[in-house]
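Worksheet for the structure shown next.
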Amino acid sequence: MWSLTREIPFNTDYDVIVLGGGPAGCTAAAAAGREGMKTLLVEHTGALGGMGTSGLVPAWCPFSDHEKIVYRGLAERVFNECKEGMKHVSPNDLDWVSIDPEHLKRVYDDLVSGFGVEVLFNSMLSAVEAEDGQVKAAIISNKAGLTAYGAKVFIDCTGDADLVAWAGAEYEKGDEDGNLQSTTLCFMLSNVDEYGYRSGEWLHPSNPNSAIHKILDEGKYPDIPDRHACNQLLGPGVVGFNAGHVWEVDNTKPETVSKALMKGRKIAKAFRDALAEYMPAAFGNAFLAQTAPLMGIRETRRICGDYKLTVEDYLARQTFPDEIC
C-alpha cells in the first residue's frame, strides 16, 4: 500500500450534502432546500436524473395501482413536468410513460435550483472520513482537485452505498453466493418509421409473435444475448430500448463495468441490424443514435438500516410511525 499525506481545502459551508443526483438524490436535495437548509448536491456525471437521463431508460415504471396515482409529492411533480414536454403522451397516462431524457434533465435542473440547491457536476465521492460512526468529511474529486466537505447531515444517494460503505457501516451485496442481477445498456434508435412501428407486431417478448423470438431462434445475431427487448416511442421517429442483459457486472468494480459497456454497445448495434432485417417496415432505415453513458445497474450494495422489511410486512401492507414514503 502507498500512503499519501497532503493538505486539501476543507469546506464547511453547507448544512446538508447529498451524494448522487439520481431521482432519490434530487428529491432529497430539493426537500432539504425547501426546508431552508443550505444544500449541496454532488453528481459524478454532467446531468441529474440518473438512469432516466444518462441511463436512457425509456419509460417510467407504473405510477398507479391501475386506479389512481400512488406516488405523490416531488415524484408526482417530476412525473407531470416530464409528461408536459412530450406531445404524444396524454396527461392522464400513469403507467409505462415514455421518457424524453433531454427534457427530463431540465426538469431536474429546475427542481433543485428552484429550492436553492447548489449542484456540483462531474464530481465524485472519493473517500470518507468517519469517527465513532459519524461522518466528519466527504472527500470530493473533480477538476479542482480534492476537496473535503463537512456538513451537519450527509445523505447517501450514490446508488452503491459508497458513503455508507466507506464510513464503515453495514451493507449487503448480492445473494447468498454473491451473485448480482444482470445489467443492461439502454440505447436509442432514430429514423424509425412510426406507422410501421405502431401498426406492426409488438416487439415486447411477452408477445409470442414478436420478432425477438425469431431473431433468437435463428441465431444470426449472436451478440443479442436473450429475448429482453423492452422499447418505447420517445419522440418523432425515435424509439428507446431497454434490451439485452449483461451478466457478471459489479458496479463497485470498475473493470467489470468497463467490459460491460463495450459489450452493451455491441448488443445495441446487433439489435439495430437484426430489427432492420426482421422488422423492415419499422426499422429498415433505423439509425443507432446513442447508447447510454451509464450502465443500467439493477443491483449493488444494499444499506442495512435500523429495520429490514420482510415479505410478511409487504403482504400485510405494514405501516410504521417513522416511514417517509
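Below, all heavy atoms of this structure are taken into account, side chains as well, without hydrogens, waters or symmetry copies.
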* **Distance-only donor-acceptor check, side chains Asp13 and Tyr149, under 3.5 Å** => no

* Taking side chain as C-beta onward, heavy atoms only, is Asp132 less than 4.5 Å from Gln134? -> no

* Parallel, tilted or perpendicular: ring planes of His204 versus Trp202, cut at 30 and 60 degrees -> parallel

* Would you say the side chain of Ile267 lies within less than 4.5 Å of the side chain of Pro225, judging by non-hydrogen atoms? -> yes

* Asked: Ion pair present between Lys136 and Glu129, side-chain N to carboxylate O less than 4.0 angstrom?
  -> no

* When you look at Ser182 and His228, which way does the side chain to side chain donor-acceptor pair (under 3.5 Å) test go after all the steps? -> CA-CA 11 Å; Ser182 63; His228 177 228; over 6 Å; no

* Asked: Do Val42 and Ile17 have side-chain heavy atoms sitting under 4.5 Å apart?
  -> yes

* Asked: Does a salt bridge link Asp273 with Lys269, judged by any charged N lying under 4.0 Å from a carboxylate O?
  -> yes

* Could you verify whether a donor N or O on one side chain and an acceptor N or O on the other, from Tyr307 and Asp313, lie under 3.5 Å apart? => yes

* Flag the pair Ile215 / Leu275 as yes when at least one side-chain heavy-atom distance between them is below 4.5 Å, and no otherwise. => yes

* To do: Please answer whether the main-chain N or O of Leu120 pairs with a side-chain N or O of Asn122 as donor and acceptor at a distance below 3.5 Å.
  => no

* Asked: Checking side-chain contact (heavy atoms from CB on, under 4.5 Å) for the pair Thr183/Trp247: CA distance, chi angles, key distance, verdict?
  -> CA-CA 6 Å; Thr183 66; Trp247 294 89; over 6 Å; no

* side-chain contact (heavy atoms from CB on, under 4.5 Å) between Glu172 and Lys308, worked out -> CA-CA 12 Å; Glu172 298 175 343; Lys308 183 183 291 187; 2.7 Å; yes

* Note: Lys38-Asp15 ion pair, threshold 4.0 Å (strictly below) -> no

* His44 and Thr158: side chain donor to acceptor below 3.5 Å -> no

* Any side-chain heavy-atom pair of Glu43 and Leu48 under 4.5 Å -> yes

* Asked: Would you find a donor on one side and an acceptor on the other, under 3.5 Å apart, between the side chain of Ser123 and the backbone of Phe121?
  -> yes

* Asked: Would you say Asp65's side chain and Lys68's backbone share a donor-acceptor pair under 3.5 angstrom?
  -> yes

* For the pair Arg77 and Glu81, find out whether any cationic side-chain nitrogen is under 4.0 Å from an anionic carboxylate oxygen. => yes

* Can a donor-acceptor pair be found between the side chains of His66 and Ser64 at a distance below 3.5 Å? -> no

* Salt-bridge test for Asp250 and Lys173: reply yes if a basic N is under 4.0 Å from a carboxylate O, no otherwise. => yes

* Mark yes or no for whether Gln290, through its side chain, and Met188, through its backbone, hold a donor-acceptor pair below 3.5 Å. => no

* Asked: With no hydrogens and no angle check, do the side chains of Asp160 and Thr252 hold a donor and an acceptor under 3.5 Å apart?
  -> no

* For side-chain contact (heavy atoms from CB on, under 4.5 Å), just list the numbers for Phe283 and Asn191, CA-CA rounded to whole Å, side-chain angles, deciding distance to a tenth of an Å, and then say yes or no. => CA-CA 8 Å; Phe283 297 99; Asn191 204 36; over 6 Å; no

* Asked: Looking only at atom types and distance, does a side-chain atom of Thr184 sit under 3.5 Å from a main-chain N or O of Cys186, one as donor and one as acceptor?
  -> no

* Just do the side-chain contact (heavy atoms from CB on, under 4.5 Å) check on Ser98 and Val89 with the steps written out, would you? => CA-CA 8 Å; Ser98 57; Val89 173; 3.7 Å; yes

* Does Arg272 use its side chain to pair, donor to acceptor, with the backbone of Ala286 at less than 3.5 Å? -> yes

* Is there a side-chain contact between Thr147 and Ile8, using heavy atoms and a 4.5 Å cut-off? -> no

* Going by the angle between their ring planes, with limits at 30° and 60°, are Phe271 and Phe187 parallel, tilted or perpendicular? -> tilted

* Gap separating the CE atom of Met86 from the CG atom of Leu104, nearest 0.5 angstrom -> 9.5 Å

* With the side chain counted from C-beta on, respond yes when Val249 and Ile297 share a heavy-atom pair under 4.5 Å apart, and no when they do not. => yes

* Nearest-0.5 Å distance that lies between atom NZ in Lys214 and atom NZ in Lys220 -> 9.0 Å

* Asked: salt bridge (Lys or Arg N to Asp or Glu O under 4.0 Å) between Lys263 and Asp223: does it pass, once the steps are laid out?
  -> CA-CA 8 Å; Lys263 187 169 185 178; Asp223 282 328; over 6 Å; no

